[in-house]
Number of protein chains: 2
Amino acid sequence: MGGPEIERLVALLSRLPGLGPRSARRAALKLLQEPATRMLPLAHALQDAAAAIRSCHLCGNLDSQDPCAICVDPHRDRGLICVVEQVGDVWALERAHVHRGVYHVLGGTLSALAGQGPEDLNLQPLLDKLQAGGIAEIILALGATVDGATTAHWLTDRIRPFNVNVTRVGQGVPMGGALDVLDDGTLAAALRSRRPV
Amino acid sequence: MGGPEIERLVALLSRLPGLGPRSARRAALKLLQEPATRMLPLAHALQDAAAAIRSCHLCGNLDSQDPCAICVDPHRDRGLICVVEQVGDVWALERAHVHRGVYHVLGGTLSALAGQGPEDLNLQPLLDKLQAGGIAEIILALGATVDGATTAHWLTDRIRPFNVNVTRVGQGVPMGGALDVLDDGTLAAALRSRRPV
């Protein structure tokens with residue numbers, strides 16, 4: 001298939017989430033047909049990002065600056081911390097423009113199956129911030145999974161001594177969602193969290 | 001979303017076929033989380049491929065050598081040339097191990113809509129080979145589309161003076177295909193090309 005360089009490129013591309021072997025070949029071909037306008041720019045963007053991006057020591061977000069742009073933003077409410085599992089969750093919430101506070105990225109959840117314990121999570125910077133004071137509310141925005149719920153309980157226990165409000169994001173019918181396609185767990189959560197209109 | 005480096009990486013990734021904005025973000029995140037084992041190897045693979053891969057001047061295939069490995073393979077029948085639209089078609093036929101001859105990549109089809117005329121196709125090397133002699137058969141393996149059929153007709157006219165056999169790949173029911181999900185054109189072609197059992 002055109003030499004070891006192409007084989008290696010296809011192999012690396014097919015390891016990206018969302019690309020299988022077939023789409024990796026299509027992507028490689030597209031890149032090979034436009035080396036100057038597609039392939040080299042992508043190579044340089046990868047190298048630039050690898051060199052520039054680091055993990056924010058305050059919140060665990062990825063950014064080209066440390067502390068990250070969100071942590072140093074003077075318009076953000078530093079007393080309102082939204083705890084998420086992954087950096088991708090920060091991106092999703094930022095795209096939605098729904099959170100005016102700062103974030104804390106745990107880097108995963110507790111998981112008995114995956115063998116992830118408290119020592120694998122990024123917790124200490126959050127405890128340090130709580131210790132320093134000035135925190136009004138911690139919003140737990142973890143996934144609605146067994147591991148997410150376990151982690152939320154454990155985290156609530158760790159935060160309780162600091163005497164701040166702990167909330168978690170609502171669960172129920174997603175926007176645009178039809179009830180008859182939802183799973184039983186979501187329907188139960190939606191009924192439990194019903195509110196007067 | 002973490003600075004201009006990440007934005008640029010996501011933008012370039014989302015231009016790959018098969019990746020939309022959402023999957024490009026997921027891919028970027030995966031790469032950012034493993035810079036040493038994923039991001040830099042991909043950057044280097046892209047640069048290596050961009051530097052090494054060139055178009056074979058004999059057949060139009062992409063390879064790290066020119067002429068390409070297929071054209072110089074002594075076990076290949078140089079008198080049997082399979083004409084395809086794209087390099088991806090060569091890869092597909094090579095994966096299937098079904099062609100023992102060599103290839104000729106046109107680089108597209110005639111297309112009135114896309115404004116592609118004969119001057120946009122890679123034809124001259126094929127005519128040179130026909131002129132030099134020793135060609136027993138030209139197999140047209142073009143897409144079963146209007147443009148593919150137009151190109152096949154035009155190509156047949158150009159090849160006819162050289163007095164070689166011109167064939168085209170069969171059309172009909174694909175392997176594993178159920179008849180009731182096939183389109184009318186395929187069913188018509190399958191009936192037209194019926195053979196005694």
Side-chain angles (χ1 to χ4, degrees), chain A residues 1-13 15-20 22-33 35-56 61-65 68-70 86-88 90-92 94-95 107, chain B residues 1-13 15-20 22-33 35-56 61-65 68-70 86-88 90-92 94-95 107:
Chain A
M1 210 170 69
E5 291 86 359
I6 297 184
E7 303 275 0
R8 183 153 160 267
L9 179 59
V10 170
L12 283 167
L13 284 173
R15 286 174 54 200
L16 292 179
L19 284 185
R22 184 181 288 259
S23 44
R25 280 194 298 268
R26 275 180 57 219
L29 202 54
K30 198 82 184 174
L31 289 165
L32 285 163
Q33 282 162 347
T37 56
R38 282 179 184 258
M39 194 131 87
L40 291 178
L42 181 55
H44 295 149
L46 287 162
Q47 283 183 315
D48 292 351
I53 303 301
R54 57 209 74 239
S55 185
C56 172
N61 187 19
L62 291 170
D63 201 333
S64 49
Q65 58 186 78
C68 75
I70 295 175
Q86 301 287 355
V87 174
V90 174
W91 293 6
E94 284 299 290
R95 277 199 305 280
Chain B
M1 209 170 70
E5 291 86 358
I6 297 184
E7 303 275 1
R8 182 152 162 266
L9 179 59
V10 170
L12 283 167
L13 284 173
R15 286 175 53 198
L16 291 179
L19 284 185
R22 183 181 290 259
S23 44
R25 280 194 298 267
R26 275 180 57 218
L29 202 52
K30 196 83 183 172
L31 290 164
L32 285 163
Q33 281 161 348
T37 56
R38 282 180 183 257
M39 194 132 87
L40 290 177
L42 181 55
H44 296 149
L46 286 163
Q47 283 184 315
D48 292 351
I53 304 301
R54 57 209 74 240
S55 184
C56 173
N61 188 19
L62 291 171
D63 201 335
S64 49
Q65 58 186 76
C68 75
I70 295 174
Q86 300 287 358
V87 173
V90 175
W91 292 5
E94 284 298 290
R95 277 200 305 280

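Below, read A as the first sequence line, B as the second, and so on, with proteins coming before strands; counting in each chain starts at 1. Everything numeric here is computed off the predicted structure, so don't read it as measured data.
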Colleague: Please name all residues satisfying side chain to side chain contact (heavy atoms under 4.5 Å, CB included) with A/Arg15, sequence neighbours left out, ordered by chain then number.
Modeller: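 Checked A/Arg15 against side chain to side chain contact (heavy atoms under 4.5 Å, CB included); matches are A/Leu12, B/Arg38.
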Colleague: Using non-hydrogen atoms only, which part of A/Leu31 is less than 4.5 Å away from chain B: side chain, backbone, both, or neither?
Modeller: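 Only the side chain of A/Leu31 comes within 4.5 Å of chain B.
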Colleague: Top residue by heavy-atom pair count (under 4.5 Å) with chain A, among B/Val87, B/Leu16, B/Val90, B/Leu29?
Modeller: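 Top option by heavy-atom pairs under 4.5 Å: B/Leu29.
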Colleague: Do you know which of B/Arg22, B/Arg26, B/Gln86, B/His44 has the most heavy-atom pairs under 4.5 Å to chain A?
Modeller: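 The candidate making the most pairs under 4.5 Å is B/Arg26.
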Colleague: To the nearest 0.5 Å, how far apart are CG in B/Leu46 and CZ in A/Arg8?
Modeller: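 With rounding to 0.5 Å, CG (B/Leu46) is 9.5 Å from CZ (A/Arg8).
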Colleague: Could you grab the distance from atom CD of B/Gln33 to atom CD1 of A/Ile53, nearest 0.5 Å is fine?
Modeller: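 B/Gln33 CD to A/Ile53 CD1: 12.5 Å, rounded to 0.5 Å.
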Colleague: Measure across A/Gly3 and B/Asp63 and return the closest heavy-atom pair with its distance rounded to 0.1 Å.
Modeller: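 Result for this residue pair: N-OD1, 3.6 Å.
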Colleague: Taking every non-hydrogen pair under 4.5 Å, which of B/Pro35, B/Ala11, B/Pro41, B/Gly18 racks up the most with chain A?
Modeller: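 Greatest number of close heavy-atom pairs with chain A: B/Pro41.
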Colleague: Contact part of B/Leu9 toward chain A, heavy-atom cut-off under 4.5 Å: side chain, backbone, both or neither?
Modeller: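 B/Leu9 touches chain A through backbone and side-chain heavy atoms alike.
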Colleague: Tell me, side chain or backbone of B/Leu42 under 4.5 Å from chain A's heavy atoms, or both, or neither?
Modeller: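 For B/Leu42, the contact with chain A is made by backbone and side chain together.
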Colleague: What part of A/Ala69 gets within 4.5 angstrom of chain B, counting heavy atoms only: side chain, backbone, both, or neither?
Modeller: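 Contact with chain B: none, neither part.
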Colleague: Considering non-hydrogen atoms only, spot the tightest contact between B/Glu5 and A/Ala49 and give its length.
Modeller: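 The pair with the smallest heavy-atom distance is CB-CA, 4.0 Å.
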Colleague: Please state whether the side chain, the backbone, both or neither of A/Gln65 comes within less than 4.5 Å of a heavy atom of chain B.
Modeller: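 Contact with chain B involves no heavy atom of A/Gln65 at all.
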Colleague: So which of A/Ser64, A/Ala27, A/Pro17 has the biggest tally of heavy-atom pairs under 4.5 Å with chain B?
Modeller: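 Ranked by heavy-atom pairs under 4.5 Å with chain B, first place is A/Pro17.
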Colleague: Give, as side chain, backbone, both or neither, the part of A/Asp48 having an atom under 4.5 angstrom from any heavy atom of chain B.
Modeller: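 For A/Asp48, the contact with chain B is made by backbone and side chain together.
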